[in-house]
Asks: 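Here it is, the structure, as structure tokens.
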Amino acid sequence: MTDRTPVSLSPEEIAAVKSWVIHEDASVLVFSKPAGLSSQGGRIQAHTLDDLLWAFARSNGKRPDLVHRLDRDTSGVILAAKTKPAAGFLGKAIQAHKLTKTYLALVSAAPEPASGDINVPLVRQEIGRESYMRVAAFDTKGAQGSRSRYRTLSASEEGALVELQPFTGRMHQLRVHMAHIGRPLVGDVRYGGALTAAGRGAPRLMLHAASLTFPHPEGGERTVAAQPPEDFCTLATAMGLTLPPTGAAV
């Protein structure tokens with residue numbers, strides 16, 4: 001449950017979180033989250049994106065709520081509800097798998113085949129203080145079905161840019177699925193990804209939430225896209241890869 005105790009934020013933090021807004025209306029806020037910022041919780045003693053939402057608190061003490069999460073080192077589109085009815089509506093939409101999330105990722109070699117569906121169960125595993133997901137047999141205790149789709153957008157001798165779409169929302173799903181087909185994401189220490197590409201160190205997990213299509217609480221659908229940040233674009237260029245014009249799915 002989200003802690004409702006107001007958080008004291010510095011002017012710099014308030015300016016930063018407001019600069020990450022890429023869409024706002026009466027019901028929702030959409031951010032382009034930087035890599036290195038936790039969505040919620042976590043052991044790092046620093047403000048999370050959830051904490052920073054106090055920058056948008058109204059005079060009655062109400063503030064927006066995140067309706068989904070991104071891993072700390074994943075950049076890109078993340079959605080918050082500004083009202084309780086909007087939060088309820090979007091929560092039900094997520095449960096009904098009505099959100100379409102599209103990611104961009106860098107891998108060390110082009111997948112074979114170039115596109116495909118990955119449909120394997122995953123089970124959570126605790127190792128020390130860390131949580132991992134691993135591929136499991138269908139009858140493994142605690143295993144949950146998971147499905148993702150991948151598509152190669154650009155390839156070179158140094159690796160490939162892939163578009164990823166999760167159809168389920170398991171922890172670390174895209175990372176584990178790509179490792180399962182022998183193409184772990186560049187910079188993904190936890191799941192066997194290369195720490196360098198094109199002779200350069202990977203600055204982080206090279207995964208970016210490029211676009212989100214969601215049913216809007218006021219009717220219809222919205223699609224919001226976020227350009228990949230500089231670190232992602234720089235490494236992709238060094239790898240000889242071509243990014244989509246808008247930074248979103250094509």
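If you read the sequence from its start, that first residue is 1, and numbering goes on from there.
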Asks: So, Lys33 side chain and Arg72 main chain: donor-acceptor pair closer than 3.5 Å or not?
Replies: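 Yes, the answer is positive, given that a donor and an acceptor are paired below the 3.5 Å cut-off.
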Asks: Counting only N and O atoms by type, is there a donor-acceptor contact under 3.5 Å from the side chain of His208 to the main-chain atoms of Ala226?
Replies: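 It does hold such a pair.
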Asks: Could you tell me whether the side chain of Ser10 and the main chain of Glu13 form a donor-acceptor pair under 3.5 Å?
Replies: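 Judged by distance alone, yes, a pair lies under 3.5 Å.
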Asks: Test side chain to side chain donor-acceptor pair (under 3.5 Å) on Thr213 and Thr223 and set out the steps.
Replies: CA-CA 4 Å; Thr213 299; Thr223 297; 2.7 Å; yes
Asks: Would you say Ser211's side chain and Val224's backbone share a donor-acceptor pair under 3.5 angstrom?
Replies: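 Answer holds: no.
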Asks: Under a 4.5 Å side-chain heavy-atom rule over Ile, Leu, Val, Met, Phe, Trp and Tyr, are Val67 and Met171 clustered together?
Replies: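 No, no single cluster joins them.
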Asks: Which pair of non-hydrogen atoms, one from Leu53 and one from Ala80, has the smallest distance, and what is that distance?
Replies: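 Minimum heavy-atom contact is CD1-CB, 4.3 Å.
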Asks: Counting N and O atoms only, with roles assigned by atom type, does the side chain of His97 sit under 3.5 Å from a partner on the main chain of Thr168, one being a donor and the other an acceptor?
Replies: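 The answer is no, because no donor-acceptor pair under 3.5 Å joins these two groups.
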Asks: Just by modelled atom types, is the Ala136 backbone N or O under 3.5 Å from a matching donor or acceptor in the Thr140 side chain?
Replies: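 Not a single qualifying donor-acceptor pair exists.
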Asks: Does one hydrophobic cluster hold both Val30 and Val17, with members joined at side-chain heavy-atom distances below 4.5 Å?
Replies: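 Looking at the clustering, Val17 is in a separate group from Val30.
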Asks: Is Phe167 linked to Met178 within one hydrophobic cluster, defined over Ile, Leu, Val, Met, Phe, Trp and Tyr using a side-chain heavy-atom separation of less than 4.5 Å?
Replies: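 No, Phe167 and Met178 fall in different hydrophobic clusters.
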Asks: Any non-hydrogen side-chain atom of Tyr103 less than 4.5 Å from a side-chain atom of Pro166?
Replies: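 They are in side-chain contact.
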Asks: For Gln144, check side-chain hydrogen bond (donor to acceptor under 3.5 Å, both in side chains) against everything at least two apart and list the hits.
Replies: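 side-chain hydrogen bond (donor to acceptor under 3.5 Å, both in side chains) check on Gln144 returns nothing, list empty.
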Asks: Would you confirm whether the ring centroid of Phe31 sits within less than 6.0 angstrom of the ring centroid of Phe56?
Replies: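 That pair passes the under 6.0 Å test.
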Asks: Which heavy atom in Val107 sits nearest to a heavy atom in Pro184, and how many Å separate them?
Replies: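 Smallest interatomic distance, heavy atoms only, reads CG1-O, 3.8 Å.
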Asks: Check Leu174, Val120, Asn119 against Ser148 for a side chain to side chain contact (heavy atoms under 4.5 Å, CB included) and give me the one that passes.
Replies: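 In the set Leu174, Val120, Asn119, the residue that makes a side chain to side chain contact (heavy atoms under 4.5 Å, CB included) with Ser148 is Leu174.
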Asks: Can you pull out every side-chain hydrogen bond (donor to acceptor under 3.5 Å, both in side chains) where at least one residue sits in residues 185-199? Sequence neighbours excluded, please.
Replies: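 side-chain hydrogen bond (donor to acceptor under 3.5 Å, both in side chains) check on residues 185-199 returns Glu130-Arg190, His172-Tyr191, Arg175-Asp188.
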Asks: Could you check whether any side-chain N or O of Asp71 sits under 3.5 Å from a backbone N or O of Thr74, counting only pairs where one atom can act as donor and the other as acceptor?
Replies: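 Pair absent, no side-chain N/O of Asp71 close to backbone of Thr74.
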Asks: Between Leu212 and Leu79, is there a side-chain heavy-atom distance shorter than 4.5 Å?
Replies: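 Touching, per the 4.5 Å side-chain cut-off.
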Asks: Between Ser146 and Gln173, is any side-chain donor less than 3.5 angstrom from a side-chain acceptor?
Replies: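 Not at all, the side chains of Ser146 and Gln173 share no donor-acceptor pair under 3.5 Å.
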Asks: Tell me if the CD atom of Glu112 is crowded by more than 12 foreign heavy atoms within 6.0 Å.
Replies: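 Atom CD in Glu112 is not crowded, with 12 or fewer foreign heavy atoms closer than 6.0 Å.
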Asks: According to the salt bridge (charged side-chain N to carboxylate O under 4.0 Å, His left out) rule, which pairs have a member within residues 86-97, sequence neighbours left out?
Replies: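 Matches after skipping sequence neighbours: none remain.
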Asks: Which atom pair, heavy atoms only, marks the closest approach of Gly159 to Leu241?
Replies: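 Reported closest heavy-atom pair: O-CD2, 3.6 Å.
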Asks: What pairs meet the salt bridge (charged side-chain N to carboxylate O under 4.0 Å, His left out) rule with one or both residues in residues 200-214, with sequence neighbours excluded?
Replies: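 Those involving residues 200-214 are Arg204-Asp231.
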Asks: If the condition is salt bridge (charged side-chain N to carboxylate O under 4.0 Å, His left out), which residues does Asp117 pass it with, not counting sequence neighbours?
Replies: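 Salt bridge (charged side-chain N to carboxylate O under 4.0 Å, His left out) list for Asp117, sorted by chain: Arg147, Arg149.
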Asks: What pairs with Glu221 under salt bridge (charged side-chain N to carboxylate O under 4.0 Å, His left out), at least two apart in sequence or on another chain?
Replies: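 Testing Glu221 for salt bridge (charged side-chain N to carboxylate O under 4.0 Å, His left out), a comparison that skips the adjacent residues, returns none.
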Asks: In this structure, would Trp20 and Val77 fall into the same cluster of hydrophobic residues linked by side-chain contacts under 4.5 Å?
Replies: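 Hydrophobic grouping puts Trp20 apart from Val77.
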Asks: Hey, quick one: are Val176 and Ile127 part of the same hydrophobic cluster, counting side-chain heavy atoms closer than 4.5 Å, chains of contacts allowed?
Replies: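 Yes: a chain of side-chain contacts under 4.5 Å links Val176 to Ile127.
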Asks: Closer than 3.5 angstrom, by distance alone: can the side chain of Lys82 be matched with the main-chain N or O of Asp25 as a donor-acceptor pair?
Replies: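 Confirmed, Lys82 side chain pairs with Asp25 backbone.
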Asks: Does any donor atom in the side chain of Gln40 or Thr48 lie under 3.5 Å from an acceptor atom in the other side chain?
Replies: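 On atom types as modelled, these side chains do not qualify, holding no pair under 3.5 Å.
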